[in-house]
Structures are given as structure tokens and as C-alpha cells.
> 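Have a look at this one before I ask anything.
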Amino acid sequence: MHTPTHGSAYLAAELRLPTNWLDYTILAIYFVVVLGIGFAARRSVKTSLDFFLSGRSLPAWITGLAFISANLAATEILGMAANSAQYGAYTVHWYWIGAIPAMVFLGLVMMPFYYGSKVRSVPEFLLLRFDRAAHLLSSILFAFAAILIAGVNLYALAIVVEALLGWPQWVAIVVAGAFVLAYITLGGLSSAIYNEVLQFFVILAALIPITVLGLKKAGGWGGLTDKLTAQHGADFTTAWGGTGIGEANPLGANWLTIVLGLGFVLSFGYWTTNFAEVQRALSAKNLSAGQRTPLIAAYPKIFIVFLVMIPGLVAAALIPQFGTAASGYQYNDAIPYLMQELLPNGVLGIAVTGLLAAFMAGMAANVSSFNTVFTNDIWAKYVMPGREDGYYVRFGRLITAIGVCASIGTAFLASSFSNIMSYLQTLFSFFNVPMFVVFIVGMFWKRASAASGFWGLLAGTTAAMINYFVLYKKDIISLPSDQGANFVSAIAGFVAGAVVMVAVSLFTRPKPEAELQGLVYGTRSPGMSEPPAPGDEAWYRKPALLGWGAVVLAAACYIPFSF
């Protein structure tokens, strides 16, 4: 089942918002504040560590909010609302099954490896654990994926701004790209992170009125579920209904593919190896703050699902056959439609500003991670090694500009997807999942050889692409939806990568154990023969940290089964 696609010119005529001077004033104030933060952050940039990782000096609450804001991009907001309009309440799985456990795992188990090894990026960890081939391949794949995902944000912004405000697409792309370029070039990661903290609250201010007024319009939760049940059946408003093996449901996936494909492979692949997220935790002031970063972010993540799911459900309830050609709307139009129908001027300006903030947060996260990986892991390691520190700061600013321009070029690749979340999940199954299997095998199996990292990464990426582009798209195997195909592609990539890593390791020589200290579970970092300092103990010796994780996991496990 492939989703329909409609032209953006048609959308612009149908979804134009009645904005006035008050709405544009709110928008202008936001842009002034964004640039002001960039200029303020510029004063703290003295070294490449300052530019790329904020000098590893930020407190946990700042990095935690930036962590969740970097994920809460407009592609997340529009995409998850689109998911809800198309698939119903199954959207909760992307949060409670497909995010929270992996975020807790990142904080408790993986951050000590990342932060303790003093790497500046996720691919650099593969250089230490495996070899230059695995490092270079992972760097290239990540840089490519970051530009594609930044392009998704730009494309989505252009479509929405054209539809809502009447701006031409190229104007929306240039304005948003220019502001992101300006504040990242000025202040580096610090500027991006502090703006993401601001954007988090602006996004909430946009989503809460849409959710509350949408529920009221649909007759409350009871009225909403009654309408959706009548239109789509009872399973549309439940988290697990119809997910038995062999049963049909709107999502086109059973409980096994949800738990394994989304809950384990896609989720852990994204949250534990996606440098756009991990970079925020690496900028924390110490290991304890780095570990608390994803745990702090996990608390709002539990509840944000309602702010993105309910608008999609409301749109599906108010417009029969929403998302099909008969209705005149795409699934991605759920939130723009409700903004048009429900919000008065002033509140409308806040909502538009919130959407733009979300686009900029998502794009900035990917551009800032792209410039770090390209500068440190490709340029400084293989093209121009050994230059003075100031050279890499200047090059980082240059590659930021190139990355923004490249994002504009990739923006239109997303145009063939009516549900942009399907497009993003496709990219994650190609790029994040194979990297995750290499990390997880390398971190927990000493025998994994240096050569196995490269071949496992290559095999996982290839298998995921073959499953999606050949087996699914050519109808060699029958899968009910794009999202179901993404889950299967993720599983295929994970299994292929793991099998190849084991096979290659059995026929190649492992790295000497002395080179694995601090990189494999159960080993200690070099120089840690003395008892660890307070705050540097293993995660299972930190009662406060365990308490954070236990509360988050308990909520994430209880809510979906009671929904």
C-alpha cells in the first residue's frame, strides 16, 4: 500500500492561513532572538573542541533538552501526525517501544564508551575499535545520511510555508537555510544547542493549543474515538489491537515486527548511533552529565506523543478518507489543516513560529553533526591531517555552508513521499541500523576482528537496500505498507551485518586485547588501574542513575499496554 502524492501548488491554495501583522511580528522576534544567540555563542568559540563539541562544558539539563529538541524536528511533528492520520494509535509505538528503551540504554550502557574514549564523533569510535576502513565507510555513510535528512527538513518546510503563508518554495528554503547557516557558523554547536533549548519551548507552545482545540472540535476523547472507530474500525484507536501474527491492521505489521523491527533494530540503531543526537550528550561537562542527557530527554518523550498523535487522529476524524485523493489532503497536511481551522491570530503566529523552529532544530542538528564528522573524520584524518587547530575551525565553518547548500539540493528527493516519516524510517533502516549492529557486536564481543567492522557495515547497508528497493518495490515479497517494509528492511540489515561480522571474525585475526581497553564491555580505560573517581563508576554502581532509568522504563512499559 503506497500513499498518494499531491502537488504543492494545490496545497497552497487549500491551506492558506489568515495571517496578519501580529503573526509576522512574533515570527520576526523569534528570528532576531535566534541570531542573537548565535552572536552570543561566538565569543566562546576559541578552539575546534569549542566549535564542534561546545568544549565539553554544558550542564545536563541543557544537553538533555537539546537532545529531545534535535529529534523533535518538523519532520517528526508533521510525520508523526501523518502516521496517526494514516495508521491510528499505533503511533505510540514509535515513542514508548521505539524510543524510550533505546534512550535509557544509550545513557546507562553506551555513553561510558563514547564519553570515556574522548572521541569527537560516533564514527571515530569505530576507528578505535576496528580500523580505518570501517571508520571511513561509516563517516561517508553518516555524512551522506545527514545531508539527506537535513534536506527532508528543508523540503517539508518549503511545502508547509508555501501552503500556509503563500511564500514561494525557494524563499522558504533560502530564508530557513540562511538562518541555520548563520547561527551555526557563528557559534558552532553551542549556538545550535542553546537555540534548540529555546525551540523546545516554542514547539510546545505551538502544539499544545492545536491538540487541545482539536480534541474539543472532535467532541473530546470519547467523541474522537467513536468517530474513528466508525470510520476505520476498533483497531485504529488501540496500540496493540490486530497485531497478532496473521491478523490485518492499518499499520501492516504484527507484534513481532513492531518489537524487533521498530522496538529493537530501528530504535536502538537510531538513538544509540545517530551522531546528530549523541553529539549533544558528548558536549556535556562530564561523564555523569553525558549519561543523564538521554535520560532527561526521555521524560518529555513519554508524553510528547500525545501532542503529535492527537492532531493526526483529529484530522482523520473530521475529514472522511483523510490522506486519499478523494479528500483532497495528504497525510502530511494534518497539522496545517488544524492550524487553518482552529487557531486565531497571535496563537497562529506562535504555531507558525513553532513549526519553523522545529524545522530549524532538525536541520541544525543534522548540519552540526555533518560538519563535525566531515571535518574531523574525513578531512582531518584522510585529506589534510596535521594542520593547526584554527585551520579546522575555519574549515568547519566552510563545510557548514557547503552542507546547507547540499541540503537544498537533496530537499526534493523527499517529494515522492506523502508520509515523510516513512521516508525517514527508510533512511534509518539503510544507515543507522547497520552501524548499530557493528557497534553492539564490537562493544560486547572481544573476538570481533578489525576487518569485521567494515564488512558488517557494508553487508548490513546492502541487505537493507536490497530488501526495500528490490524485494519490496518490485513486489517480489508482499508487504502491506511502507512502514512494514521499513521494519523488515531493518531486521534484514541487522541480521546480515551480524552474520557477516561473525563469519569474518572467525577467519581473521582479532585486535590485541591491549588495544581494546575501554572499548569493549568489561574492560577498563587506559590509566584506570586505580579505583574510579566519584561519578566515573560503572552505571550499575550509580543508584541515582539507575533510578532515572527505572522510572522512565516503567512508564514506557506500562502506558502502551494500558492504552
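In this chain, residues are counted from 1 in sequence order.
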> OG1/T353 to CD1/I203 distance, rounded to the nearest 0.5 angstrom?
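Rounded to the nearest 0.5 Å, the OG1-CD1 separation comes to 11.5 Å.
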
> Which atoms form the tightest heavy-atom contact between F67 and R280, and what is the distance?
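Nearest heavy atoms, F67 then R280: N-CG, 4.0 Å.
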
> Of all heavy-atom pairs between A492 and A463, which one has the smallest distance, and what is that distance?
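Taking every non-hydrogen atom into account, O-CB, 3.9 Å.
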
> State the CD1-OG1 distance between I68 and T293, to the nearest 0.5 angstrom.
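If I round to the nearest 0.5 Å, the distance is 12.0 Å.
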
> Could you tell me whether the side chains of T400 and T185 share a donor-acceptor contact shorter than 3.5 Å?
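Their side chains do not contain a donor-acceptor pair, so the 3.5 Å distance test is not met.
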
> Do Y194 and I62 make a side-chain contact, defined as non-hydrogen atoms from C-beta onward lying under 4.5 Å apart?
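Sidechains of I62 and Y194: in contact.
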
> Can you give me the closest heavy-atom contact between F200 and P300, atom names plus distance?
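Minimum heavy-atom separation between F200 and P300: CZ-CB, 4.1 Å.
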
> As a quick check of understanding, evaluate side-chain hydrogen bond (donor to acceptor under 3.5 Å, both in side chains) for Q199 and Y30, giving each step before the final call.
CA-CA 9 Å; Q199 287 157 348; Y30 170 74; 3.0 Å; yes

> Measuring only between side-chain heavy atoms, which start at C-beta, is I210 closer than 4.5 Å to I335?
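Touching, per the 4.5 Å side-chain cut-off.
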
> How close do G346 and I26 get, counting heavy atoms only, and between which atoms?
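Here G346 and I26 meet closest at O-CD1, 3.4 Å.
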
> With heavy-atom distances below 4.5 Å as the criterion, would you say the side chains of Y270 and F436 are in contact?
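Counting from C-beta outward, Y270 and F436 never come under 4.5 Å.
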
> Taking the side chain as C-beta and beyond, is there a heavy-atom pair between V278 and N274 under 4.5 Å?
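No, their side chains stay 4.5 Å or more apart.
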
> Should we count CZ of F31 as having more than 12 external heavy atoms under 6.0 Å?
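Buried by this count: over 12 neighbours within 6.0 Å.
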
> Determine whether a donor-acceptor pair (N or O, by modelled atom type, separation under 3.5 Å) exists between the side chain of T225 and the backbone of G222.
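Judged by distance alone, yes, a pair lies under 3.5 Å.
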
> Specify the closest pair of heavy atoms between T91 and S84, including all atoms of both residues, with the distance to one decimal.
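Taking every non-hydrogen atom into account, OG1-OG, 3.0 Å.
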
> Run the side chain to side chain contact (heavy atoms under 4.5 Å, CB included) check on N366 and I147 step by step: do they pass?
CA-CA 7 Å; N366 283 284; I147 292 301; over 6 Å; no

> Would you call the rings of H232 and F236 parallel, tilted or perpendicular, taking 30° and 60° as the class edges?
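H232 and F236: parallel rings.
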
> When rounded to the nearest 0.5 angstrom, what is the spacing between OH in Y95 and CD1 in I100?
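Taking OH in Y95 and CD1 in I100, the distance rounds to 10.0 Å.
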
> Go through the steps to decide whether S191 and I184 satisfy the test side chain to side chain contact (heavy atoms under 4.5 Å, CB included), and finish with yes or no.
CA-CA 6 Å; S191 179; I184 293 181; 5.9 Å; no

> Would you say the side chain of P209 lies within less than 4.5 Å of the side chain of L343, judging by non-hydrogen atoms?
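A side-chain contact under 4.5 Å exists here.
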
> Taking W94 for its side chain and M80 for its backbone only, find out whether a donor-acceptor pair lies under 3.5 Å.
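No, the answer is negative, given that no donor and acceptor are paired below the 3.5 Å cut-off.
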
> Hey, do the aromatic rings of F264 and F494 have their centres closer than 6.0 Å?
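Aromatic pair counts; centres sit under 6.0 Å.
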
> Please find out if less than 6.0 Å separates the ring center of F469 from that of F430.
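They qualify: ring centres under 6.0 Å apart.
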
> Do any N or O atoms from the side chain of T63 and from the backbone of A60 form a donor-acceptor pair under 3.5 angstrom?
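Judged by distance alone, yes, a pair lies under 3.5 Å.
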
> So do the side chains of F275 and F370 get within less than 4.5 Å of each other, counting heavy atoms only?
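Counting from C-beta outward, F275 and F370 never come under 4.5 Å.
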
> Tell me whether S407 contacts the main-chain N or O of G403 through its side chain, where contact means a donor paired with an acceptor under 3.5 Å.
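Checking the backbone N and O of G403 against the side chain of S407, a donor-acceptor pair under 3.5 Å is found.
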
> Please round to the nearest 0.5 Å and tell me the distance separating atom CD of E277 and atom CG of L106.
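Going from CD on E277 over to CG on L106, the span is 9.0 Å.
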
> F105 versus T272: any side-chain heavy-atom pair under 4.5 Å?
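Side-chain contact under 4.5 Å: yes.
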
> Hey, what do you get for CG (L198) to CD1 (I37), rounding to the nearest 0.5 Å?
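CD1 of I37 is found 5.0 Å from CG of L198.
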
> Should F306 and V92 be marked as a side chain to side chain contact (heavy atoms under 4.5 Å, CB included) after you check the CA-CA gap, both sets of side-chain angles, and the distance that decides it?
CA-CA 8 Å; F306 295 109; V92 299; 5.7 Å; no

> Kindly state whether the ring of Y299 and the ring of W61 have centres lying under 6.0 angstrom apart.
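They do not qualify: ring centres at least 6.0 Å apart.
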
> Hey, does the side chain of S267 reach the backbone of G98 with a donor-acceptor pair shorter than 3.5 angstrom?
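The answer is yes, because a donor-acceptor pair under 3.5 Å joins these two groups.
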
> Please report the C-alpha distance between D23 and V347 in whole Å, then the side-chain angles of each, then the deciding distance to 0.1 Å, and finally whether the side chain to side chain contact (heavy atoms under 4.5 Å, CB included) criterion is met.
CA-CA 8 Å; D23 304 311; V347 178; over 6 Å; no

> Tell me, do V122 and F142 make a side-chain contact under 4.5 Å, heavy atoms counted?
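V122 does not reach F142 side chain to side chain.
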
> Measuring from L207:CG to I77:CD1, what's the distance to the nearest 0.5 Å?
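Going from CG on L207 over to CD1 on I77, the span is 4.5 Å.
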
> Indicate yes or no for a side-chain donor-acceptor contact from K227 to the backbone of A218 under 3.5 Å, with no hydrogens or angles considered.
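The answer is yes, because a donor-acceptor pair under 3.5 Å joins these two groups.
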
> Quick check: does any side chain N or O of S69 sit under 3.5 Å from a backbone N or O of E196, one acting as donor and the other as acceptor?
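A pair under 3.5 Å: yes.
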
> For a quick test of reading the model, state the closest non-hydrogen atom pair linking F322 to A85 and the distance between them.
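Here F322 and A85 meet closest at CD2-CB, 4.0 Å.
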
